[in-house]
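The structure appears right after this line, and notes come after that.
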Amino acid sequence: MLTFLRDLLAHAEWANAVFFHTWGKSPAREHEELRQRVRHIIGVQHGFLSILRGETSSRSDGPPPSFEELKQRAVSCHAGLRDYAAGLSPEDLSRTVRIPWFPDPPCIVTVAEALVQVGMHTQHHRGQCMTRLKDFGGEPKNVDWIIWLWKQKPQGRWD
């Protein structure tokens with residue numbers, strides 16, 4: 001299970017890096033709607049990482065950051081997720097955490113379930129972003145899990 005979860009996070013990083021590369025070459029590079037959606041994706045990833053580490057999760061409001069700032073946040077967050085997952089033992093996966101943005105009843109999930117949510121939530125919104133990228137004149141890429149497997153699980157390239 002631990003190998004699978006690390007793979008899920010590695011796929012998310014690779015797919016997000018492909019998305020950022022494609023988005024950066026598109027006419028929609030500074031499109032506010034895309035920046036807002038991507039801020040949400042990264043914010044949720046960071047929120048889960050903070051909770052898993054036992055830290056307080058914070059939320060940012062206001063206008064969305066620039067493309068470059070979002071990219072730097074994504075790079076940093078994926079590095080944090082990668083490091084966190086690398087340090088897990090199989091026993092750690094059953095530890096429970098409370099997700100604070102679900103009030104009552106409390107949302108209490110295992111570390112394994114939280115990491116699956118990170119990957120699934122990211123995949124869901126990345127698909128939306130790829131569709132919008134196409135709507136705005138960009139050329140979306142196929143970043144499905146099976147493509148990542150077929151390409152021998154490449155690492156995310158952020159440059």
State the [atom1]-[atom2] distance between [X] and [Y], to the nearest 0.5 angstrom.
| X | Y | atom1 | atom2 | value |
| --- | --- | --- | --- | --- |
| E30 | W23 | CD | CH2 | 7.5 Å |
| L88 | L115 | CG | CG | 6.5 Å |
| L9 | Q45 | CG | CD | 8.5 Å |
| R37 | L133 | CZ | CG | 11.5 Å |
| F19 | T22 | CZ | OG1 | 8.0 Å |
| I41 | T122 | CD1 | OG1 | 6.5 Å |

Report the C-alpha separation of L81 and F48 in whole Å, then their side-chain angles, then the decisive distance to 0.1 Å, and conclude whether the side chain to side chain contact (heavy atoms under 4.5 Å, CB included) test is met. CA-CA 9 Å; L81 286 164; F48 271 91; 5.9 Å; no
When you group the ILVMFWY residues by side-chain heavy-atom contacts below 4.5 Å and let the links chain together, are L93 and I108 in the same group? no
With side chain to side chain donor-acceptor pair (under 3.5 Å) as the test, pick out the partner of H121 among Q117, Q123, H125. H125
So, are E32 and R39 salt-bridged, with charged N and O less than 4.0 Å apart? no
Any sub-3.5 Å donor-acceptor pair from [X]'s side-chain atoms to [Y]'s backbone N or O?
| X | Y | value |
| --- | --- | --- |
| K25 | E139 | no |
| D92 | S89 | yes |
| S94 | E91 | yes |
| D144 | I146 | no |

Could you pull out the closest heavy-atom pair between [X] and [Y], with the gap in Å?
| X | Y | value |
| --- | --- | --- |
| G137 | P27 | O-CD, 3.7 Å |
| I42 | L70 | CD1-O, 3.3 Å |
| L34 | C129 | CD2-O, 3.8 Å |
| R29 | G24 | NH1-O, 3.4 Å |
| V116 | L8 | CA-CD2, 3.7 Å |
| W148 | P154 | NE1-O, 2.9 Å |

Would you find more than 12 non-hydrogen atoms of other residues, nucleotides or ligands less than 6.0 Å from H21 atom NE2? no
Using a 3.5 Å cut-off and no angle test, enumerate the donor-acceptor pairs between side-chain atoms of residues 95-102 and protein atoms at least two apart in sequence or in another chain.
| from | atom 1 | to | atom 2 | distance (Å) |
| --- | --- | --- | --- | --- |
| R95 | NH2 | L52 | O | 3.0 |
| R95 | NH2 | Y84 | OH | 3.0 |
| R98 | NH2 | P103 | O | 3.3 |

Please tell me if the side chains of T131 and K134 come closer than 4.5 Å, counting only heavy atoms from C-beta onward. no
Heavy-atom side-chain proximity of V44 to V118 below 4.5 angstrom: no
On the 0 to 90° scale, with breaks at 30° and 60°, tag the W14-H11 ring pair as parallel, tilted or perpendicular. tilted
If the test is side-chain contact (heavy atoms from CB on, under 4.5 Å), which one of R35, H31, E33 qualifies with P64? R35
Can E13 and N16 be said to form a side chain to side chain contact (heavy atoms under 4.5 Å, CB included), step by step? CA-CA 5 Å; E13 180 172 10; N16 280 353; 5.9 Å; no
